[in-house]
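Everything below concerns the one structure shown next.
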Amino acid sequence: MSLHDLEDNPAPDYPLRRKVAAVVVTALDVYATALGKHDLRLVDPLPALIPFYCSPDMGFELVTPHGEAPCSRRSIRP
């Protein structure tokens, strides 16, 4: 399961500010599990956000699968 675009709302009073990625990744985790997928991929992540995605909270790792473009990948927890 791949995610190509993810954007947070920059408004300082937005109630989900800095939580959108966690909500989206959790939803993708559930959907991908239902489809029998084995991992999630964030395709072409912004270099500045790779440390965030690869943090223990998000659980992704930077990989280059089979000569493809680098992505952040996380195994799905059934």
With rounding to the nearest 0.5 angstrom, report the [atom1] to [atom2] distance, [X] to [Y].
X     : Y     : atom1 : atom2 : value
His38 : Thr33 : NE2   : OG1   : 10.0 Å
Glu61 : Tyr53 : CD    : OH    : 16.0 Å
Asp39 : Ser72 : CG    : OG    : 11.5 Å

### Task
Might you work through the side chain to side chain contact (heavy atoms under 4.5 Å, CB included) test for Arg73 and Leu40, ending with a clear yes or no?
CA-CA 6 Å; Arg73 182 179 66 195; Leu40 299 178; over 6 Å; no
What about [X] and [Y], same hydrophobic cluster or not, with Ile/Leu/Val/Met/Phe/Trp/Tyr joined at side-chain heavy-atom distances under 4.5 Å?
X     : Y     : result
Leu28 : Leu46 : yes
Leu3  : Val20 : yes
Phe52 : Val63 : no
Leu16 : Met58 : yes
Val30 : Val24 : no

### Query
Looking only at heavy atoms, what is the nearest atom pair of Cys71 and Pro45, with distance?
CA-CD, 4.0 Å
### Query
Are the side chain of Arg41 and the backbone N or O of Met1 linked by a donor-acceptor pair below 3.5 Å?
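No; judged by distance alone, with no hydrogens or angles, the pair does not exist.
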### Query
Are any non-hydrogen side-chain atoms of Leu42 and Arg74 less than 4.5 angstrom apart?
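No, every pair of side-chain atoms sits at 4.5 Å or beyond.
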### Query
When Ile, Leu, Val, Met, Phe, Trp and Tyr are grouped by side-chain heavy atoms lying under 4.5 Å apart, directly or through other members, which residues fall in the same group as Ile50?
Leu62
### Query
Going by side-chain heavy atoms closer than 4.5 Å, which hydrophobic residues are tied to Val23, directly or by a chain of links?
none
Name each donor-acceptor pair under 3.5 Å that joins a side chain in residues 4-14 to protein atoms two or more places apart or in another chain, with its distance.
| from | atom 1 | to | atom 2 | distance (Å) |
| --- | --- | --- | --- | --- |
| Asp8 | OD2 | Arg18 | N | 2.8 |
| Asn9 | OD1 | Ala11 | N | 2.9 |

